[in-house]
Amino acid sequence: MAEVVKMPKMSDTMTEGVIAKWHKKVGDKVSSGDLIAEVETDKATMDFESYQEGTLLYIGPKEGEAVPVDAVIAVLGEEGEDYQALLNGEGTQGEKAEKETDAAVEEEKADETPVEASEEGEEVTAESLGATVITMPLLSDTMTEGVIAEWHFKVGDTIKSDDVIADVETDKATMEVTAYAEGTLLYVGVEKGKAAKVNDIIAIVGKEGTDVTPLLKQQSGKSPKAEKSAATTPEAAAAKPAQQPVTTEGSANASADSRVKASPLARQIAKEKGISLGEVKGTGDGGRIIKKDVESFTPSAKQAAAPTQAAAAQAPAATISIPQYVGEERYTEKPVTQMRKTISRRLSETFVIPHFYLTIKINMDSAIEARAKVNEVAPVKVSFNDIVIKAAAVALKKHPDVNASWQGDKIRYNEHVNVGVAVAVEEGLLVPVVRFADGKSLSHISAEVKEFAQRAKAKKLQPADWEGSTFTVSNLGMFGIDEFTAIINAPDSCILAIGGIDQVPVVKNGQIVPGNIMKVTLTCDHRVVDGATGAAFLQTLKALLEEPVRLLA
């Protein structure tokens, strides 16, 4: 008996999925556990396995189309079985959502010119051309576009389904894009170093000699009205400079000088010396005026007369000779990386959170002794940062109100402790996650953090490595920073900023003695954590670090 296959809910925030790739076609036999499609969710691109068996009788959405959760996407049954009644019955909800989507799309297209169609009047599709469209994949939960870092094939090359055709720079790392198609690379839509939005076409693979021009024209078949209207808006009209009459000799000279071919340095020197560039003969390429032309220029008698008369009228009592220094203003601009764009966007979003800050001093004498003893037997070197991560994780188990996040209409109290560790890389900052840190040894945490740091610098971190934190630690002590405040890594409710350890005078048993003091600052989301709650957490953290043996209890 035929059964419908519905779009699954693959994440807690997923409302719809995009069919990135079909691995089966109508008529194929499907067994339980077979990979039938790849689905792009709001988090990542995931494999969709069939839990049913039979012949694939029907495929609903095409590759690249979005489908609501629980909508019918396929039908499995016996070969030749009639499934139309099943579609009409089971597909009501999906069809309704699809119709609403189609209506919205039609409304948006009301002012657009029709896309180009084939000679028979039918819409051209990749399937009708026997080609496969490769789009920019969603490689992380925050990705909106990707930059083509490298193409591994060029137009005309033969592609296999498991070939990596390109490297894509996302907001988190540089990742590989697999073709999942076989044939000849017919079209490359994005040049190396250029960005494409998620789901934009970046390449087309198909049979050699296939003309994909109708498909590309169809994809870009938008009305030029928008562009035309933009050019005729009042703002565009206002942007055109108004012509002003020239009324003074000075402005006439400036206007004439602006049309003369001269280097920026030559213009600067001429301006300082009061020389009109129109009187100077250029010896550079194409008659361009350069520095030596201006410096060796001798004004004519007429030009020299005016300054002489002015000098005679305003003869100063004393002459001060100031050496002349001529510099050249210049700068370098670099395109903003995907990572920096995301950092900018995420930090802007975070600043709507009502923050407050709590700072506490911690005596690290005992922690220094404990670390030295641990490193005598530990398989990997343990750092003070590793000890703080462990102490924070243990403290979070005792203060679950801090190990929480704001969810809009509710607060989520996490029973697990996943500590995000801020890692600086050349392009910005990544926050890989040490999962279940409260249950791991110091050696385990140290090895994990070191591996994350190496993979982050090599751009080898995957989305699973930086997702799911419940609390974050940021350490700048190794850079000589005494104390600082960090910005919350949403959706976490708190982040701990760690300063360096300073040797300062402290009072112990009524005596002033040297002490090793470290300052830490807790940034709190006041919607979740109150001042007393954050202070209690810091008191526990202080006690654990000042008596590290408690970490073993």
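These numbers come from the heavy atoms of this one structure, side chains and all, not from hydrogens, waters or symmetry mates.
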Kindly write out the residues that satisfy salt bridge (charged side-chain N to carboxylate O under 4.0 Å, His left out) with Asp34, not counting sequence neighbours, or none if the list is empty.
Lys24
Sorted by chain and residue number, the ring pair (Phe, Tyr, Trp, His ring centres under 6.0 Å) partners of Phe384 (sequence neighbours excluded) come out as none
When you measure from the side chain of Lys154 to the backbone N and O of Leu185, does any donor-acceptor pair fall under 3.5 Å?
no
Partners passing side chain to side chain donor-acceptor pair (under 3.5 Å) against Arg435 (at least two apart in sequence or in another chain):
none
Those residues at least two apart in sequence (or on a different chain) that pass side chain to side chain donor-acceptor pair (under 3.5 Å) with Asp200 are none
Heavy-atom side-chain proximity of Ile387 to Leu442 below 4.5 angstrom
yes
Shortest non-hydrogen contact from Ile159 toward Ala181
CG2-O, 3.7 Å
Would a 4.5 Å heavy-atom cut-off, applied to side chains only, mark Asp167 and His152 as touching?
yes
Which pairs, with at least one residue in residues 416-435 and sequence neighbours excluded, count as a ring pair (Phe, Tyr, Trp, His ring centres under 6.0 Å)?
none
Before giving the answer on side-chain contact (heavy atoms from CB on, under 4.5 Å), spell out for Val188 and Trp151 the whole-Å C-alpha distance, their side-chain angles and the decisive distance to 0.1 Å.
CA-CA 9 Å; Val188 169; Trp151 281 107; 3.5 Å; yes
Heavy atoms, side chains only, cut-off 4.5 Å: are Ile36 and Leu56 in contact?
no
Rounded to the nearest 0.5 angstrom, the OG1-CD distance for Thr125 and Glu63 is 11.0 Å
Hits for side chain to side chain donor-acceptor pair (under 3.5 Å) against Asp525, two or more places apart or cross-chain, chain-then-number order -> Arg527
Quick one: are Lys21 and Thr132 in side-chain contact, heavy atoms under 4.5 Å?
yes
Asn403 CG to Ser493 OG distance, which is reported to the nearest 0.5 Å
7.5 Å
Residues that Lys192 engages under side chain to side chain donor-acceptor pair (under 3.5 Å), provided they are two or more places apart
Glu150
Run through Thr213, Ile201, Ile134 and flag the one making a side-chain contact (heavy atoms from CB on, under 4.5 Å) with Tyr187.
Ile201
When you compare the side chain of Ser469 with that of Asn489, does any pair of heavy atoms fall below 4.5 Å?
yes
List in chain and number order the residues that pass salt bridge (charged side-chain N to carboxylate O under 4.0 Å, His left out) with Lys334, two or more places apart in sequence or in another chain; answer none if no residue qualifies.
none
Do the charged groups of Asp163 and Lys160 touch, with an N to O distance under 4.0 Å?
no
Which atom pair, heavy atoms only, marks the closest approach of Ala2 to Val75?
CB-CG1, 4.0 Å
Set of salt bridge (charged side-chain N to carboxylate O under 4.0 Å, His left out) partners for Glu451, sequence neighbours left out
Arg455
Does Thr470 use its side chain to pair, donor to acceptor, with the backbone of Asn418 at less than 3.5 Å?
yes
Distance, nearest 0.5 Å, that separates CD1 of Ile353 from CG of Asp492
9.5 Å
So do Met175 and Pro137 actually touch side chain to side chain, heavy atoms under 4.5 Å?
no
Sorted by chain and number, sequence neighbours left out, ring pair (Phe, Tyr, Trp, His ring centres under 6.0 Å) with Phe452 holds for none
Between Cys524 and Ile488, what is the shortest heavy-atom contact and its length?
C-CD1, 3.6 Å
Please report the shortest heavy-atom distance between Val168 and Gly146, naming the atom on each side.
CG1-CA, 3.9 Å
Should Ile204 and Leu216 count as side-chain neighbours, where that means a heavy-atom distance under 4.5 Å?
yes
Tell me, with the steps shown, if Trp22 and Ile59 meet side-chain contact (heavy atoms from CB on, under 4.5 Å).
CA-CA 9 Å; Trp22 283 108; Ile59 288 179; 3.4 Å; yes
The complete set of side-chain hydrogen bond (donor to acceptor under 3.5 Å, both in side chains) pairs with one or both residues in residues 379-390, sequence neighbours excluded, reads Ser383-Asp386, Asn385-Asn475, Asp386-Ser446
With Glu448, which residues qualify under salt bridge (charged side-chain N to carboxylate O under 4.0 Å, His left out), at least two apart?
Lys440
From Arg412 atom CZ to Asn414 atom CG, the distance as rounded to the nearest 0.5 Å
7.0 Å
For the residue pair Val423 and Ala453, what are the closest heavy atoms and their distance?
CG1-CA, 4.1 Å
From Leu430 atom CG to Lys457 atom NZ, the distance as rounded to the nearest 0.5 Å
9.5 Å
Of all heavy-atom pairs linking Val528 and Ser405, the shortest is CG2-C, 4.2 Å
